[in-house]
Amino acid sequence: MRPVIYQLFVRHFSNFTEGGEPWGSKEQNGCGTFAGVNDAALESLARMGVTHLWLTGVLRHATQTAYEGVPANPACVVKGRAGSPYAVTDYFDVDPDLAENPAERLAEFRALLARCRRWGMTPVIDFIPNHVSRCYRSTVKPEACFGRGDNTSVFFERDNSYYYLAPQCSDWHMQMPDGEFEPERGCGRVTGNNAETWSPSSYDWYETVKLNYGSDYRHGAYAANALPGILAPHEAVPRTWRLVDTVLAYWQEMGVGGFRCDMAHMVPLPFWRWVISNSRLRDSSVFFMAEAYNDHMKLCDTDVNEALFNCGFSGVYDGEAYQQMRSMYEGGTWANDLDRFNRHEHPRFWGGVRYLENHDEPRLAAPGFWGGRGGAVVRALMAAHYCSASGPVLVYNGQEVSERAEGPGGYGGDNGRTSIFDYTNLPRLQRWTNGGKYDGALLTEAEKSLRDDMVRLLPLLQHPALSEGAFYGLNWANQETPNFGRNAGDSASGRHLYAFLRHNSKARATVLVVCNLSPDAAADTWVHIPQHAIEWCRCRSQVCAFRNMLHPEAPVQKASCEQLVTEGLHVQIPAGDALLLEWA
């Protein structure tokens with residue numbers, strides 16, 4: 001089964017409080033709960049074709065909101081009022097904000113996990129291996145707490161949990177952008193983004209500290225490669241490895257079926273091989289998805305996607321394909337340029353996670369991003385991006401109704417993203433959630449139409465041609481076609497047309513996908529299918545029939561193989577839309 005992942009940020013998704021104030025409190029702006037993600041919500045997501053539900057922001061993290069037994073954290077190490085879910089304070093606990101009864105928060109979370117399973121979806125949570133909050137202290141399992149027994153007098157030691165800074169005097173202190181962090185007076189630690197400083201800036205991940213996996217990150221892949229191998233027993237690996245394995249085992253036992261691993265490229269590869277192997281001994285189907293980038297912080301000398309696939313990850317972010325798609329609207333590139341990301345001989349074709357939105361990226365419909373036209377091309381983008389490869393796909397809550405990041409914010413500012421640091425809501429999604437009914441009764445016609453189209457599209461990704469088929473790009477064969485490619489003349493749609501075939505020889509299944517990625521111009525053209533492509537598809541019919549998969553009620557188009565080569569298949573596609581045609 002091809003993973004279809006829905007990123008459900010609990011704090012946003014089941015928040016039914018409308019309006020709110022920038023920098024507002026939980027009481028003012030509301031907050032989603034585990035119980036609010038009810039059976040009606042889960043049934044709707046299952047019908048959308050979701051296979052994996054990424055429950056984002058559930059681990060207990062640094063916040064300015066206090067509960068009995070869980071005091072507020074110092075404001076200088078908390079971003080926003082609600083706090084960053086990527087500054088975890090206890091890896092064995094969940095956020096009390098998300099419980100109807102904070103004292104029963106773990107029981108409420110277990111109930112949500114069980115509901116997900118009942119609706120046939122695998123629950124996935126965040127795992128943030130590179131860093132934790134500066135306030136990390138496990139109260140659920142204090143015996144498994146990072147930092148216990150560390151030698152704080154050295155920068156690096158194999159079994160330390162953290163990297164320690166040398167003080168210039170006994171009362172030297174950590175100076176955050178908004179004040180001194182008193183607990184680190186005289187004993188500072190390296191910040192999560194490798195900042196070796198007593199005064200991290202607002203551009204650093206100042207609220208976090210970097211975890212030590214037994215190698216000095218300053219020596220990069222060379223030091224990391226000297227770590228123990230996949231078969232090393234527990235007693236032979238660095239202490240942080242053992243602690244993290246305890247964390248993953250804890251959540252697996254509770255019913256979690258997968259982990260989205262934050263900034264996975266900053267963690268040594270030998271650790272990943274070892275811990276994923278251990279996790280699969282407990283559950284052979286456990287799903288591991290990596291957020292990773294080929295940047296200066298990676299701990300490998302090769303392509304990070306391929307390196308992490310080799311460690312056992314089920315999927316790795318395909319950030320380069322995302323940036324290429326976005327550059328069509330922000331950089332003037334052509335649809336033809338997408339072909340290089342769809343080579344089925346490359347591991348990213350089978351394991352690259354395709355996304356158009358997530359909590360780190362701007363909303364498609366947010367003003368000032370995607371050339372200001374992303375909201376007009378959501379359908380075409382999904383078809384082009386999701387249907388051209390076979391790896392997992394990721395949908396962010398609100399994407400299905402063209403959310404614009406309009407809810408109240410605070411720390412995140414006006415950056416086109418729904419704030420992950422604040423108590424906020426998703427105004428457009430709320431018209432679907434409808435106070436917990438999840439019936440879409442308040443959606444506008446445009447929002448309902450978009451969501452209905454997504455409900456039709458995502459299940460089609462399990463079609464054998466789209467889940468396991470190879471890729472054949474057709475743009476090169478249509479460069480001389482009127483209104484297509486370089487022969488488009490003044491047609492605004494020319495550089496935005498993208499056509500390709502997906503074929504699964506074992507299942508004898510073929511799909512033709514034609515996307516009009518133009519936000520303005522309808523496409524009225526022909527798609528030529530060269531003789532080589534017809535032979536590649538092993539087409540033996542004299543007359544080929546093309547059935548509209550998104551609209552089965554539409555008339556079946558027919559053409560002979562000779563016509564496909566010489567005249568092409570006539571297509572008419574509205575701006576921002578796509579055709580998926582099953583070839584029989």
Side-chain angles (χ1 to χ4, degrees), residues 293 317-342 354-389 393-407 409 412-419 426-429 444 446-447 449-451 453-454 457 473 475 483-500 513-525 573-579:
Y293 310 100
Y317 272 31
D318 196 344
E320 293 176 42
Y322 163 79
Q323 291 296 341
Q324 181 66 52
M325 189 69 75
R326 190 169 157 186
S327 71
M328 288 183 62
Y329 304 93
E330 297 181 347
T333 59
W334 285 50
N336 303 5
D337 299 323
L338 299 172
D339 276 0
R340 67 189 179 96
F341 296 99
N342 299 322
R354 292 287 176 93
Y355 58 88
L356 294 165
E357 291 186 351
N358 61 50
H359 67 273
D360 286 319
E361 304 296 349
R363 292 284 187 178
L364 283 164
F369 299 90
W370 290 85
R373 307 307 306 277
V377 290
V378 177
R379 294 170 175 84
L381 287 170
M382 290 192 300
H385 206 41
Y386 297 163
C387 295
S388 55
V393 300
L394 172 62
V395 176
Y396 187 32
N397 55 198
Q399 179 180 329
E400 66 270 43
V401 291
S402 210
E403 193 65 52
R404 292 167 56 89
E406 296 164 313
D414 186 17
N415 61 2
R417 298 157 177 81
T418 301
S419 175
L426 304 178
R428 297 190 176 205
L429 190 68
T444 67
E447 292 161 356
S449 174
L450 176 59
R451 190 177 191 281
D453 284 349
M454 189 175 288
L457 173 65
N475 276 40
N483 301 326
F484 204 139
R486 69 170 182 236
N487 202 36
D490 295 330
S491 170
S493 68
R495 69 182 183 89
H496 286 122
L497 282 173
Y498 191 47
F500 55 88
V513 183
V514 189
C515 308
N516 180 8
L517 292 156
S518 170
D520 304 300
D524 187 341
T525 188
I573 312 174
D577 213 332
L579 283 175

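All values below were derived from every heavy atom in this structure, side-chain atoms included, with hydrogens, water molecules and symmetry-related copies excluded.
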side-chain hydrogen bond (donor to acceptor under 3.5 Å, both in side chains) against Thr333, all qualifying residues, sequence neighbours excluded: Gln324, Ser327

Ignoring hydrogens and angles, tell me if any N or O in the side chain of Asn516 forms a donor-acceptor pair with the backbone of Pro574 under 3.5 Å. yes

Would you compute the distance between atom CD1 of Ile573 and atom SG of Cys515 and round it to the nearest 0.5 angstrom? 7.5 Å

Write down the atom of Ser419, the atom of Gly409, and the distance for their closest heavy-atom approach. CB-CA, 4.4 Å

Could you list the residues that satisfy side-chain hydrogen bond (donor to acceptor under 3.5 Å, both in side chains) with Gln323, not counting sequence neighbours? none

Enumerate the residue pairs fulfilling salt bridge (Lys or Arg N to Asp or Glu O under 4.0 Å) with a member in residues 329-341, sequence neighbours excluded, ordered by first and then second residue. Arg326-Glu330

Taken to the nearest 0.5 Å, the spacing of Arg495 CZ from Asn475 CG works out to 13.0 Å

Any chance you could measure Leu356, atom CG, to His385, atom NE2, to the nearest 0.5 Å? 5.0 Å

Using the test ring-ring contact (aromatic ring centres under 6.0 Å, His included), find all partners of Tyr396 that sit at least two apart in sequence or belong to another chain. none

Quick check on Asp414: does its CG atom have over 12 non-hydrogen neighbours (other residues, nucleotides or ligands) under 6.0 Å away? no

Can you name the nearest heavy-atom pair linking Trp370 to Tyr329, along with the distance? O-CB, 3.4 Å

Taking salt bridge (Lys or Arg N to Asp or Glu O under 4.0 Å) as the test, write out the residues that go with Arg404, two or more places apart. Glu406

Run the side chain to side chain contact (heavy atoms under 4.5 Å, CB included) test on Tyr498 and Val514 for me, step by step, so that the C-alpha distance in whole Å, both residues' side-chain angles and the decisive distance to 0.1 Å come before the verdict. CA-CA 6 Å; Tyr498 191 47; Val514 189; over 6 Å; no

List for me each residue that meets side-chain contact (heavy atoms from CB on, under 4.5 Å) alongside Asp453, sequence neighbours excluded, and say none if there are none. Arg379, Ser449, Arg456

Tell me the closest heavy-atom pair linking Glu403 and Leu429, and the distance in Å. OE1-N, 3.0 Å

State which residues pass side-chain contact (heavy atoms from CB on, under 4.5 Å) with Ala389; sequence neighbours excluded, sorted by chain then number. Asn342, Phe349, Arg354

Could you grab the distance from atom CZ of Arg428 to atom CD of Gln399, nearest 0.5 Å is fine? 13.5 Å

Taking the side chain from His496 and the backbone from Trp334, do they hold a donor-acceptor pair closer than 3.5 Å? no

So Met382 and Val393, side chain to side chain contact (heavy atoms under 4.5 Å, CB included) or not? Walk me through it. CA-CA 10 Å; Met382 290 192 300; Val393 300; over 6 Å; no

Minimum heavy-atom separation for Cys387 to Val513, with atom names? CB-CG2, 4.3 Å

Please list, chain by chain and in numerical order, all residues satisfying salt bridge (Lys or Arg N to Asp or Glu O under 4.0 Å) with Glu357, sequence neighbours excluded. Arg363

From Glu361 CD over to Arg417 CZ, what is the distance, rounded to the nearest 0.5 angstrom? 6.0 Å

Just to verify, what does Tyr386 make a ring-ring contact (aromatic ring centres under 6.0 Å, His included) with, not counting sequence neighbours? none

Salt bridge (Lys or Arg N to Asp or Glu O under 4.0 Å) with Arg373: which residues, sequence neighbours excluded? Asp520

Residues in ring-ring contact (aromatic ring centres under 6.0 Å, His included) contact with Phe341, at least two apart in sequence or another chain: none

Any idea which heavy atoms bring Ser402 and Val378 closest together, and the distance? OG-CG2, 4.4 Å

Residue list, side-chain contact (heavy atoms from CB on, under 4.5 Å) with Asp360, at least two apart or on another chain: Arg260, Glu291, Asn358

For Leu497 versus Ala523, what's the shortest heavy-atom pair and its separation? CD2-CB, 3.7 Å

